[in-house]
Novice: 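Pasting a structure here, questions to come.
When reading the values below, keep in mind they use all heavy atoms of this one structure, side chains included, and skip hydrogens, waters and symmetry mates. Here is the naming used below: chain letters follow the sequence lines, and residue numbers restart at 1 for every chain.
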There are 2 protein chains.
Amino acid sequence: MLPIEEKLDPRVKRTRGLILGAFTNLLAEKSFDAISVQDVTEKAQINRATFYKHFLDKYALLDRWVEQQFRQEIESRVLDACHYTPDNLRILLLTVCEFLFKVRTDCMQSQRQFEPLIEKQVKNQVYELLNVWLGKMNPHLSTEISATVAAWAIYGLASHYSHAKKLPALEKFVDEALPLVAVNLEQFA
Amino acid sequence: MLPIEEKLDPRVKRTRGLILGAFTNLLAEKSFDAISVQDVTEKAQINRATFYKHFLDKYALLDRWVEQQFRQEIESRVLDACHYTPDNLRILLLTVCEFLFKVRTDCMQSQRQFEPLIEKQVKNQVYELLNVWLGKMNPHLSTEISATVAAWAIYGLASHYSHAKKLPALEKFVDEALPLVAVNLEQFA
DNA sequence: TAAATTATACAACATCCGTTGTTTATACAA
DNA sequence: TTGTATAAACAACGGATGTTGTATAATTTA
């Protein structure tokens with residue numbers, strides 16, 4: 001599950017770093033839809049054909065980018081190395097809300113392709129995390145369905161929040177929404 | 001909200017019908033990603049430029065297609081003209097599961113663009129439906145958050161079911177999963 | 001250090017895309 | 001029925017895509 005840090009040819013590491021870096025910069029200027037592979041390779045000072053050696057297409061690049069960004073948020077809060085508590089669940093929901101909000105404001109939002117890839121990555125990571133948490137609590141109960149419901153609910157709430165016209169205070173929103181998620185996980189406590 | 005049946009130029013109606021029809025047929029042979037606008041217009045016997053008069057791109061076409069297909073499922077079960085009961089909620093979850101399963105098996109599944117658009121359409125329709133249901137029950141309570149959680153949970157469960165390697169009996173799955181959705185709506189009863 | 005492996009640069013390709021301008025055919029209303 | 005409006009056909013464009021083949025440069029291994 002962890003991204004195994006294989007010994008990589010330094011050229012590969014360098015090239016991938018250049019691509020990711022160029023992409024990060026471009027996202028600050030343009031919407032994802034408006035970014036072409038050419039843009040990325042020009043800014044990265046990389047040949048276009050080289051790009052395709054490392055990524056299937058620009059969507060795979062975004063996928064990788066989101067994976068890194070969100071994993072960083074999770075790890076910086078040590079959520080990946082703790083266990084379930086109502087408070088940690090609250091922090092998780094907050095994290096997802098803030099991440100989506102940041103991504104939505106920083107990177108000029110572009111509907112078509114951007115959001116679904118964000119969703120897939122974030123939702124998966126939340127799902128995996130919940131599975132670990134629940135598995136620790138009661139190893140005899142099946143966690144799949146509860147983790148699925150909770151992961152989708154959490155992302156849905158965060159998405160709802162980040163889309164809201166006039167957003168309420170985040171804390172207030174989380175206070176109101178959290179019980180709806182927590183109620184499904186109580187059976188494991 | 002309802003797709004207003006405007007009086008349309010018969011040429012328009014004919015062309016859109018041809019496009020939707022060609023697209024339906026193509027989905028049975030190819031994955032969505034593999035279908036090009038050219039494919040559609042060739043099969044529809046339509047000029048490619050004409051296509052762009054009616055749809056922004058092939059994703060907009062899929063969007064429209066899903067909207068029609070799923071709305072049909074909802075309406076054929078009269079879910080849009082009834083009110084909340086635990087049993088209707090059950091039917092709704094079943095409907096989404098069956099729809100996703102059908103789509104997944106009929107149309108050769110293609111990850112990248114197909115699923116997200118299905119999700120957006122289906123989830124929105126479920127959300128709107130739940131808002132109506134909940135609004136009827138207790139007009140004083142705010143429905144947004146509950147409807148959001150429930151809509152995401154329902155779609156997530158259906159997605160989980162349709163992705164499962166060895167799928168359990170649908171009825172069994174729904175029996176197990178339904179309470180996790182229903183518990184969030186009980187405050188309205 | 002020398003030979004091998006492998007990444008990148010470069011150029012060229014067919015394909016699809018979305019758009020534009022013009023002409024022809026169809027629908028509708030006076 | 002005739003005039004007007006508008007949809008569709010057609011052709012052509014610039015641009016991005018993804019792929020391929022060859023040459024060069026860097027890294028690793030022996």
Side-chain angles (χ1 to χ4, degrees), chain A residues 3-23 25-27 29-65 107-108 110-114 116-117, chain B residues 3-23 25-27 29-65 107-108 110-114 116-117:
Chain A
I4 300 160
E5 272 296 333
E6 312 179 45
K7 285 205 311 186
L8 282 180
D9 191 317
R11 290 170 293 182
V12 172
K13 195 180 276 188
R14 172 179 173 278
T15 300
R16 293 192 182 162
L18 287 173
I19 292 175
L20 265 302
F23 185 61
N25 292 337
L26 281 170
L27 272 180
E29 327 172 346
K30 290 185 187 186
S31 79
F32 174 69
D33 293 338
I35 297 174
S36 68
V37 175
Q38 289 219 11
D39 291 334
V40 176
T41 56
E42 275 174 22
K43 178 153 290 198
Q45 314 230 59
I46 286 295
N47 189 276
R48 198 162 59 86
T50 303
F51 174 90
Y52 289 103
K53 290 261 170 66
H54 295 275
F55 298 95
L56 185 64
D57 49 31
K58 73 169 183 170
Y59 307 106
L61 171 57
L62 176 59
D63 202 55
R64 180 62 165 263
W65 184 84
C107 323
M108 307 171 98
S110 51
Q111 289 304 62
R112 183 117 300 151
Q113 318 294 4
F114 194 63
L117 282 177
Chain B
I4 300 162
E5 272 297 333
E6 314 180 43
K7 283 207 310 188
L8 282 180
D9 190 317
R11 290 170 292 181
V12 172
K13 195 180 273 186
R14 172 178 172 276
T15 300
R16 292 193 183 160
L18 287 173
I19 293 176
L20 266 302
F23 184 61
N25 292 337
L26 281 170
L27 272 179
E29 326 172 347
K30 290 187 187 185
S31 79
F32 174 69
D33 293 338
I35 297 174
S36 67
V37 174
Q38 289 219 11
D39 291 333
V40 175
T41 56
E42 275 173 22
K43 179 153 291 199
Q45 313 230 61
I46 285 295
N47 189 276
R48 198 162 58 84
T50 302
F51 174 90
Y52 289 102
K53 291 259 173 68
H54 295 274
F55 298 95
L56 185 64
D57 49 32
K58 74 171 182 168
Y59 306 108
L61 171 58
L62 175 59
D63 202 56
R64 180 62 167 262
W65 183 84
C107 321
M108 307 172 97
S110 51
Q111 287 305 61
R112 184 117 303 151
Q113 317 295 2
F114 194 62
L117 282 177

Novice: Can you find a heavy atom in the side chain of Leu61(B) that is under 4.5 Å from one in the side chain of His54(B)?
Specialist: no

Novice: Pull out every protein N or O sitting under 3.5 Å from an N or O of nucleotides 2-4 of chain D, one pair per line with the distance.
Specialist:
none

Novice: Which residues pass the side chain to side chain donor-acceptor pair (under 3.5 Å) test with Lys43(B), not counting sequence neighbours?
Specialist: Glu29(B)

Novice: For the helix from dT5(C)-dA26(D) to dA30(C)-dT1(D), what angle lies between the axis at the first five pairs and the axis at the last five pairs, to 10 degrees?
Specialist: 30°

Novice: What nucleic acid atoms does Gln38(A) come within less than 4.0 Å of, heavy atoms only: base, sugar-phosphate, or nothing?
Specialist: base

Novice: Using whole Å, report how far CZ of Phe55(A) lies from P of dT17(D).
Specialist: 15 Å

Novice: Indicate yes or no for a side-chain donor-acceptor contact from Asp39(B) to the backbone of Ser36(B) under 3.5 Å, with no hydrogens or angles considered.
Specialist: yes

Novice: Once you round it to whole Å, what is the distance between P of dT17(D) and CD1 of Ile35(A)?
Specialist: 11 Å

Novice: With sequence neighbours left out, which residue pairs that include part of residues 49-59 of chain B fulfil the salt bridge (Lys or Arg N to Asp or Glu O under 4.0 Å) condition?
Specialist: Arg112(A)-Asp57(B)

Novice: Output all residues satisfying side-chain contact (heavy atoms from CB on, under 4.5 Å) with Leu18(B), sequence neighbours left out; order by chain, then residue number.
Specialist: Arg14(B), Ala44(B), Ile46(B)

Novice: Could you tell me how far apart Asp9(A) (CG) and dA4(C) (C1') are, to the nearest whole angstrom?
Specialist: 14 Å

Novice: Determine the minimum heavy-atom distance between Leu62(B) and Leu117(B), stating which atoms define it.
Specialist: CD2-CD1, 3.7 Å

Novice: For Arg11(A), which residues count as a side chain to side chain donor-acceptor pair (under 3.5 Å) partner, sequence neighbours excluded?
Specialist: Asp9(A)

Novice: For Arg64(A), give me all partners under side chain to side chain donor-acceptor pair (under 3.5 Å), at least two apart in sequence or on another chain.
Specialist: none

Novice: Which protein N or O atoms sit under 3.5 Å from an N or O of nucleotides 8-13 of chain C?
Specialist:
from	atom 1	to	atom 2	distance (Å)
dT8(C)	OP1	Arg11(A)	O	3.0
dT8(C)	OP1	Thr15(A)	OG1	2.1
dT8(C)	OP2	His54(A)	NE2	2.5
dA9(C)	OP2	Asn47(A)	N	2.8
dA9(C)	OP2	Thr50(A)	OG1	2.9

Novice: Does Leu20(B) reach the side chain of Trp65(B), with side-chain heavy atoms less than 4.5 Å apart?
Specialist: yes

Novice: Given dT19(C), dC16(C), dA16(D), which nucleotide is nearest the side-chain atoms of Tyr52(B)?
Specialist: dT19(C)

Novice: Tell me: CZ of Phe51(B) to C1' of dC10(D), nearest whole Å?
Specialist: 18 Å

Novice: Of all residues at least two apart in sequence or in a different chain, which pass the side-chain contact (heavy atoms from CB on, under 4.5 Å) check with Glu42(B)?
Specialist: Gln38(B)

Novice: Which heavy atom of Phe114(A) sits nearest a heavy atom of Leu27(A), and at what distance?
Specialist: CE1-CD2, 4.2 Å

Novice: Which whole-number value in Å describes the distance from Ile19(B) CD1 to dA7(D) P?
Specialist: 13 Å

Novice: Could you state the CG-C1' distance from Asp57(B) to dC16(C), rounded to the nearest angstrom?
Specialist: 13 Å

